[in-house]
Amino acid sequence: MGAAKAAGDEAEFQRLRALVSENKAKNADLNDVVKAKSTALNDLLLGLPNLPADDVPDGADEDDNVEINRWGTPRNFAFTPREHYDIPAAKDGLNFDVAAKLSGSRFVVLTGTMARLHRVLAQFMLDTHVNDNNLLETNTPVLVREEMMYGTGQLPKFGEDSYQTTNGWWLIPTAEVPLTNLVNGEVLDATTLPRRHVAHTLCFRSEAGSAGRDTAGMLRQHQFEKVEMVSITHPNESAAEHNRMTKCAEGILERLNLPYRTVVLCTGDLGFGMRRTHDIEVWLPGQDAYREVSSISIAGDFQARRMNARFKPEDGGKPEFLHTLNGSGLAVGRCMIAVLENGQQEDGSIDLPEVLRGYLGGKTRITADGNLA
RNA sequence: GGAGGAGUGGCAGAGUGGUCGAAUGCACCGGUCUUGAAAACCGACGAGGGUGAAAGUCCUCCCAGGGUUCGAAUCCCUGCUCCUCCGCCA
């Protein structure tokens, strides 16, 4: 038509013009149909969970998880060990009442030695991951766009578990969201893989559906701190990376001399977007139970597909989807609970792990009245 | 928060309604020249997807999404991002 116009052939131009106009209406109708159907299809696809890896054990719930590692021996207590919030050395520094005044239930105000221990634990974790495990320290926003929550799989199905600001940002429930979405929409050079990030962030969770569970102490909070690891890998490397990350997390507990066990989640307990998940559970003598301090998962290409995150193969082939993995390394608050409960003494004081001494001015314990000594 | 301006290939930067997926320069790549390199010169040179054994071929893409039009990089609307100024704040 451009040619006809340029040649000044007005008759041909008008004929073509009418023809196009006619087809245009049909086209518009068809486009509407396509759009409606593809939106519906997309919604369905976004609601589909990931496929478990072949070696994930079948099972209905957490009782069917399979232990794959156990480290350390729980101490033999000559007295009945207390829960963290009842230990004299910790009691005054964990203030749930004043936190309730400020913010409501499931919050805590830490003061003095508790605040310092909490901070120091996070720093110890970061230092270990950066210096010994070669992860890239990363500091991210904790408010993210909605599409990032789709990218890692929190949305569309699990919006009620997180918080959203009035202008549309989401508060991250885990640093997995910003760290993984760093590669959202990117085509990476294969030679830059793997990418290994670690970040210490606040996390926010509504804890919808957990009413009445773990309400005592600081085990389950709306706001907590976590050191998170995220690896972006070539598909061939992701399985090995999963084990590497698990060791990184386990290493933190070993250095802190805290007994733990590692389980592989069965199909029934596996999260929406994950192929295989290892949970690391630390021994809490006050509860006489192993409790989760870390969850390390391989998403395969599940998140990468949602994010359209790809890499260019070294042989120059077409871009392929990356694999993404994430894991806590570790939940700071829960880890502190373990330090408190495992180190408690009959006199109400707490012996601290050796590795923290350098962070605590050489001090080795918390006295029953809450001071470092 | 207010007022302006801008988003084009790896980078810079033309293009303001008609064979534009897009000038030019730089970078990169191949070659000539050279003992070698540089310079100079010649050539090639955006991305994603479909199809194909390959050569090729088709589709989509000028921040994103809508709209106007027979036709949009170009006009309109919305969003996002960046820049400048003012305000405010850590």
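Just so we're clear, the structure is a prediction, and the values are computed from it rather than from any experiment. The figures here come from the full heavy-atom set of this structure, side chains too, leaving out hydrogens, waters and symmetry mates. Convention: sequence-line order gives letters A, B, ...; per-chain numbering from 1.
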Atom [atom1], compared across [N] and [M]: separation rounded to whole Å:
| N | M | atom1 | result |
| --- | --- | --- | --- |
| C11(B) | G46(B) | C1' | 13 Å |
| G49(B) | A44(B) | C1' | 24 Å |
| G7(B) | C70(B) | P | 28 Å |
| G15(B) | C62(B) | C1' | 11 Å |
| C89(B) | C20(B) | C1' | 47 Å |
| C82(B) | G30(B) | P | 38 Å |
| A64(B) | G10(B) | P | 13 Å |
| U74(B) | A14(B) | C1' | 13 Å |

Could you identify the nucleotide paired to [N], looking across every strand shown and requiring Watson-Crick or G-U wobble geometry with both distances under 3.5 Å?
| N | result |
| --- | --- |
| A22(B) | none |
| A14(B) | none |
| U32(B) | A40(B) |
| G48(B) | C59(B) |
| C82(B) | G5(B) |

Do the ring centers of [X] and [Y] come within less than 6.0 Å of each other?
| X | Y | result |
| --- | --- | --- |
| F204(A) | H222(A) | no |
| H323(A) | H234(A) | no |
| Y260(A) | Y290(A) | no |

N/O-N/O pairs, protein side and nucleotides 77-81 of chain B side, under 3.5 Å:
unit_1: C80(B); atom_1: O3'; unit_2: R145(A); atom_2: NH1; d: 3.3
unit_1: C80(B); atom_1: O3'; unit_2: R145(A); atom_2: NH2; d: 2.8
unit_1: U81(B); atom_1: OP1; unit_2: R145(A); atom_2: NH2; d: 2.8

Table of protein N/O atoms under 3.5 Å from nucleotides 49-59 of chain B N/O atoms:
unit_1: G50(B); atom_1: OP2; unit_2: K318(A); atom_2: NZ; d: 3.4

With side chain to side chain donor-acceptor pair (under 3.5 Å) as the rule and sequence neighbours excluded, what pairs involving residues 134-153 of chain A come up? T138(A)-H197(A), E146(A)-Q164(A), E146(A)-W170(A), T152(A)-Q154(A)

Does a donor on one side chain and an acceptor on the other come within less than 3.5 Å for D279(A) and S295(A)? yes

Do we see a donor-acceptor contact under 3.5 Å between the side chains of Q287(A) and R291(A)? yes

Could you state the CG-P distance from L188(A) to G48(B), rounded to the nearest angstrom? 13 Å

Output the distance between atom [atom1] ([X]) and atom [atom2] ([Y]), rounded to the nearest 0.5 Å.
| X | Y | atom1 | atom2 | result |
| --- | --- | --- | --- | --- |
| S231(A) | R195(A) | OG | CZ | 12.0 Å |
| S105(A) | E207(A) | OG | CD | 10.5 Å |
| T277(A) | D269(A) | OG1 | CG | 8.5 Å |

K312(A) side chain near G48(B) phosphate (N/O to OP1/OP2, under 4.0 Å): yes

Does the pair R106(A)/D214(A) count as a salt bridge with the N-to-O cut at 4.0 Å? no

